[in-house]
Amino acid sequence: MPGPDRARAHSAPGRDPPPRHLGAARTENFCYSRRPEMAHPASLLADTVRKAVVDAFGPEHAGADPAVHRSAFADYQADVALRLARAVKRPPLEIAELLAQKVEVSGLCSEVRASRPGFVNFTLDRAFLERSVEALARDERAGVPRAERPETVVIDYSAPNVAKEMHVGHLRTTVIGDALARLLGFLGHRVIRQNHIGDWGTPFGMLIEHMLDIGVGATDELGLFQFTEFYQAARKKFDDDPAFADRSRKRVVLLQQGDAETLALWERLVEASRVYFRAVYDKLGVLLEDSDIRGESAYNADLPGIADELERRGIARVDDGALCVFLPEFTGRDNEPLPLIVRKRDGGYGYAATDLAALRYRVETLGATRVLYVVGAPQHQHLAMVFAVAKRAGWLPDSVRAEHVAFGSILDENRKMFRTRAGESVRLLALLDEAIERAERAIREKNPELPAEERAEVARQVGIGAIKYADLSTERIKDYVFDWSRMLAFEGNTGPYLQYAHARICSILRKANETGIALASDLLRGQVPEGVRVELGEPAERALAIELLDFAAAVDAVGVALQPHRLCSYLYELANTFTAFYEACPVLRADNPALRDSRLVLAAATRRVLATGLGVLGIAAPARM
RNA sequence: GCGCCCCUAGCUCAGUUGGAUAGAGCACCGGACUUCGAAUCCGGUGGUCGCAGGUUCGAGCCCUGCGGGGCGCGCCA
């Protein structure tokens, strides 16, 4: 039952202060077309509230978070008064009232009112919204400003192993990393992708010997690509045949010594893998290229220096033959400090040394101000230790942020690790092909008129998009359940649903164009002629406008928190808001041409935001499906 | 044993630095197509937010303890 508090708290006549009605909007203050970059409503409101706080309570509160966000009781609300109450020793409502009076919102809001117990509610001005949506509709960036202070962001992701097939375990790191790379790049940061492939280590001894056994040329025909069989055959010989094992060990030594012939054989394996990686990345539609590859081997020459410096400066010490860094803040069994092993007892270097060298390279050579590791959650402690050691050694200064972008596992319907029936890891290429096949079947059934050639391409976009979206749309730290029928559903928060929403809008614009509406051909080319005006007379139109203008805030939030699922939620909400608009407001059959054009612009703006939003997630937005 | 992560409706998941009434989809029940793409839409049923304390004007969110699940914890990466 609805509680009485609600009425008392929010709308009791005479209890809340009267609303502050503002005069006619001076929209020229917010004429976006004159600005190099747009600012979205939430940030404009935050700025103006911040000023009002300083104005009312002094500069010592300049740092107070205005706490502006969307509201169920207005367009936006600010909660800063509630938080300020203690500091300024005044009742929250009084503070809210004062802020409502002081806040400078002419041209931005049509109404500002305080509400118990201490909220400030903002209603955006209609003309402001209309002009802003017009600007968004003709802005290639759909209203997203570039970062004021661009950073150099190094993103470490994907990292498959040479001479091994990629499997589901590589899906999340590759998809999440790609989305973050696109999104941060879109925000104007300098993004440097780093594919830290596993191209070094003792297994290469047996792999090279096996390659010699079956004929060097054979690896060129590994095709797409029987690395698993290749690897397993080598492994079996290593375990069963002492002579082969002996050769393998000697080969490792040759490799580490830089023997030219051995290196050439090794390079042959790496190149075969690069061909394979390209095929996977191409099918998956991610940005990674050969030039992004900087594997473990790239740091070989740095490892002795890393070890020496740590030992010389007393950060590391030899324990039981191995060079270790002990960090008091990390403990393991028996409460003993946990070692980070830099150099093994046999003189070889472990992956900790490589990670340290890579981090130093990224900071000192690449000039990173932010380093992201898109790596599974189980590695959290390892990375935390690497960061801690790097900090202590001065390789990771306070001016650089190193962040572990951790993610959970992919589970099957029984909540077990996602594997084949035989208990093997699922091949990534097979998984992608199945997604495409399933999408193809669905499209053929639901839209038989689509030409076969186009259908094949759309099936690829929908199938891959479904897999990516399923991965990106839940909070990444949690495990998620892999479910074909859910991710390929056209209902709910799925990739296909958003792609459908986009395709349907395209269809409206196409139809308008075919009907001979002049504006439509401009809109299809992404252009909005001068003079076309958006009118927001209906609540559904107004709601859509506000949602559209929130796009920048959604993208920005992901850039900070590195949580792509927030952008997914936003896009899903936008699609729903558009549908509500579309149900309530006839577009092609609007009452008059001006209203029809206004609604076409709203549709075009929605299309742009959907396509841009899906694009920064790495998901295609087909015009028909 | 120590540490990290997770626990929200029958299922799968949202819930923005603590803010006004905890929301979607699926499933189930009932509606809406001679009408812009019904692949879309609109209602309804359904929740002691794992449990118990604490901090706060206010806790799904923060702190402590407990329970359940997952994963790490010296020479693989």
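By convention in this document, chain letters (A, B, ...) are assigned in the order of the sequence lines, proteins followed by strands, and residues within each chain are numbered from 1.
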Let me have RNA chain B in dot-bracket notation, would you? Count Watson-Crick plus G-U wobble pairs, both distances under 3.5 Å, and use [ ] for pairs crossing earlier ones and | for inter-strand partners.
(((((((..((((.....[...)))).((((.........)))).....(((((..]....))))))))))))....
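Under the 30°/60° scheme for interplanar angles, the aromatic rings of A:Y572 and A:Y497 are found to stand perpendicular. Between A:F578 and A:Y582, the ring planes lie parallel to each other; the angle is under 30°, not in the 30° to 60° tilted range. Ring-plane geometry between A:Y361 and A:Y299 is classed as perpendicular, the angle between the planes exceeding 60 degrees on a 0 to 90 degree scale with a lower cut at 30.
If you check every strand for non-hydrogen atoms under 4.0 Å, A:A322 touches a base. Here A:A503 lies in heavy-atom contact (under 4.0 Å) with a base. Residue-level contact check: A:V587 touches the bases, meaning some heavy atom is under 4.0 Å from a base atom. Residue contacts for A:D550: at a heavy-atom cut-off of 4.0 Å it reaches no nucleic acid atom on any strand shown.
Within 3.5 Å, a donor on the side chain of A:D320 pairs with an acceptor on the base of B:C75, or the reverse. Counting distance only, with no hydrogens placed and no angle test, the side-chain atoms of A:D319 and the base atoms of B:G74 include a donor-acceptor pair under 3.5 Å. Side-chain atoms of A:D483 and base atoms of B:U12 include no donor and acceptor less than 3.5 Å apart. Looking at A:D199, its side chain has no donor and acceptor atom pair within 3.5 Å of the base of B:A77.
Ranking B:A39, B:C36, B:G19 by closeness to the A:I508 side chain, first place goes to B:C36. Residue A:H565 has its side chain nearest to B:A14 when only B:A14, B:A20, B:C41 are considered. Set against B:U21, B:U56, B:G15, the side chain of A:R86 has B:U56 as its closest nucleotide. When each of B:A20, B:G74, B:C4 is scored by its nearest atom to the side-chain atoms of A:H380, the top-ranked nucleotide is B:C4.
Separating the CZ atom of A:R589 from the P atom of B:U34 is a distance of 12 Å, rounded to the nearest angstrom. One can place CD1 of A:I410 at 15 Å from C1' of B:G70, the figure rounded to the nearest angstrom. To the nearest angstrom, P of B:U12 lies 16 Å from CG of A:N493.
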Nucleotide N/O to protein N/O under 3.5 Å, stretch nucleotides 5-8 of chain B:
unit_1	atom_1	unit_2	atom_2	d
B:C7	OP1	A:K478	NZ	2.9

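Stacking annotation: A:Y351 is not stacked on the base of B:C76 (requires ring centroids less than 5.5 angstrom apart and an interplanar angle below 30 degrees). Judged by centroid separation below 5.5 Å and plane tilt below 30°, A:F119 stacks onto the base of B:A20.
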Between A:H404 and A:F387, does a ring-ring contact (aromatic ring centres under 6.0 Å, His included) hold up when you go through it step by step?
CA-CA 10 Å; A:H404 179 200; A:F387 297 164; 7.7 Å; no
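Each of A:P203 and A:T474 was assigned the nucleotide of RNA chain B with the nearest heavy atom; the assignment lying further toward the 5' end belongs to A:T474.
Looking at A:K468 and A:D471, no side-chain N of the basic residue comes within less than 4.0 Å of a carboxylate O on the acidic one, giving no salt bridge.
Under the rule for a side-chain contact (heavy atoms from CB on, under 4.5 Å), the partners of A:R486 that lie at least two apart in sequence or sit in another chain are A:V481, A:D483.
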